[in-house]
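All remarks here apply to the structure that follows.
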Amino acid sequence: MSQRRPLPSVVQFNQLLTSVTKMKHFSTSLHLFNQMCSLGLPVSNYTMSIAIKCCCQLYRTKDGFALLGCCFRRAIAPNQFIYSALLDGLVLEDRILEVEMLFKKLIKQKLCEPDVVMYNTMIKGLCKFSINVTALALLRLMEQTNCKPSIVTYSTIIDSLCKDKMMDDAFKLLNEMVYDKRILPDVITYTSLICGLCNMGRWDEASKMLKEMEDENISPNVKTFTALVDAFCKEGKVKEAEAVINIMIERGEFPDIVTYNSLIDGYCLRGEMIKAREIFDSMTLRGLIPNVVTYNSLLNGYCKNLNIEKAVQLFHEMTGKGLKPNVVTYNTMIQGFFQVGRCVDARKLFDEMHAQGQIPDQCTYGIVLEGLCNNRQVEEALSLFHLMGDSRLTSDIVVYTILIDGAGKCGKFHIARNLFHGLSIKGLKPVVRTYNVMIGGFCREGLLGEAKSLFLKMEESGCPPNNITYSVFLQGCLKNKHYDDVEMLLQEMDDRGYSLDASTLSLFIDHIAAGLLDRSMLKLLGKLVY
DNA sequence: ATAGGGTTAG
């Protein structure tokens, strides 16, 4: 094209870029764009928006902004297409603050009148961070302008509400969409709702939705079916999941890699590793190549079932096939090694992940710290924690809680205590698990008074005790023969609708059998066991 | 004549 004379029009070049981009060959498309620029071929705002989109989709939003600079130099006025692509890139990279800043700037400086797609992109970004309130506020803002919300706008927010288990709000918005705006739900809207209902175990309503959608002549697609498969698998109902897969095949929709990954995960969860491996092998026969998620599921299955040798073998199989382990892969394997006490191997893999350019995340550090503590290497854990310095990783309450727990369990309760008291200086608020760990620690040390005052503090700190808190505290009371509060605690549990776990119950039985507790306690205990 | 947005997985 570049050598033809006369030169093809800019439109024809754009058409080329469009088709390459639609095939998601973003880097090829960018390469072509760069050639066009260096050959001095014509470039329009269409060309620029495609090039910027490609940068952004490649997680190179920075380059996208550099191209925005090119627009100004070439006197190409950036429009909604260009700014939406940039906003989308920022969303993709989780740069939510910059998303909001750019959007506000566009409006304030009147650089670009937002259109429906730009609003939808903003709403998607907010929803990605569960900022549903602001997403809804943008929807209301749209209504006040002449930019009508579309099915995409509603579906994005409905999906987010479903993911956050706010089904009532999701249905409220659905009703508003249908009855006020006369927009009918499509397969995507239904899929989100069905997914939300399934994840909450509201199977009856989910199947009602499924029926309703069929009545409206909207056929469920692969994603709809996969949502069902996934929900069944997460509840361990693999037979039901397989039934769904059979139905979908009968209907001419074929399970994809995501569907199979869910099923494999389901079998792994049940510890049925042979079956999981069978599904894995059968995927290949169907022409589906297992990806890193597939391998991670199986690796997790082998590790959780303490078959580390199989996991190691599979890990090598995976790399041998040219698949690059990611952070989740390493996290899974490291945890697997720690669980069987192979700390040296865990450490080796932790170093290897750095070498392979996989940046450890909060999960990694949590796993490593927990692994070290559980293997009685609390000193190691502490020095690693200090080595981590002041980063996002050390300002994570989950990581802190693990370390507090580990220190306490390794007989370093004074350290646990110091860490706990240092939380507020770090600006961190304890979560229920943190309190549970500390109460457990106080009880272990025989400091029942302190355990009790912390227990009482939970409610006023806006962090009410859960059933685990009660179990931990009750076990502490029993083991320390501190019976004064026991009856009151059991009564409170009953009031809150909590139940007693097996180990706490058996401890009670022991104490009653030994004559340490009165048999009259049995009646109350009976109410707490289902 | 040409460009952008929403549903599923570890």
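Here is the naming used below: chain letters follow the sequence lines, and residue numbers restart at 1 for every chain. All values derive from a computational prediction rather than experimental measurement.
Remark: the A:Asn291 side chain and the B:dA9 base include a donor-acceptor N/O pair separated by less than 3.5 Å. In this model, no side-chain donor or acceptor of A:Asn296 finds a partner on the base of B:dA9 within 3.5 Å.
Residue A:Lys128 is out of contact with every strand shown, counting any heavy-atom pair closer than 4.0 Å. At the heavy-atom level, A:Ser84 lies under 4.0 Å from base atoms of the strands shown. Here A:Val116 lies in heavy-atom contact (under 4.0 Å) with a base.
For the segment residues 135-157 of chain A, residues with any heavy atom less than 4.0 angstrom from an atom of DNA chain B are, sorted by number, A:Ser150, A:Ile151, A:Val152, A:Ser155, A:Thr156.
A:Lys324 is linked by a salt bridge (Lys or Arg N to Asp or Glu O under 4.0 Å) to nothing, counting only residues two or more places apart in sequence or in another chain.
Between A:Lys239 and A:Glu242, at least one side-chain N (NZ, or NE/NH1/NH2) sits under 4.0 Å from a carboxylate O, which counts as a salt bridge. Ion pair A:Glu253/A:Arg251 not flagged as a salt bridge, since none of the NZ, NE, NH1 or NH2 atoms sits closer than 4.0 Å to an Asp/Glu carboxylate oxygen.
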* After noting the C-alpha distance and the side-chain angles of A:Ile359 and A:Val327, does the key distance pass the side-chain contact (heavy atoms from CB on, under 4.5 Å) rule? -> CA-CA 7 Å; A:Ile359 313 295; A:Val327 180; 5.7 Å; no
* To do: Give the C-alpha distance, both sets of side-chain angles, the deciding distance and a yes or no for side-chain contact (heavy atoms from CB on, under 4.5 Å) between A:Ser9 and A:Gln12.
  => CA-CA 5 Å; A:Ser9 70; A:Gln12 284 165 313; 3.5 Å; yes
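Residue pairs that meet the ring-ring contact (aromatic ring centres under 6.0 Å, His included) test with at least one member in residues 7-31 of chain A, sequence neighbours left out, do not exist here.
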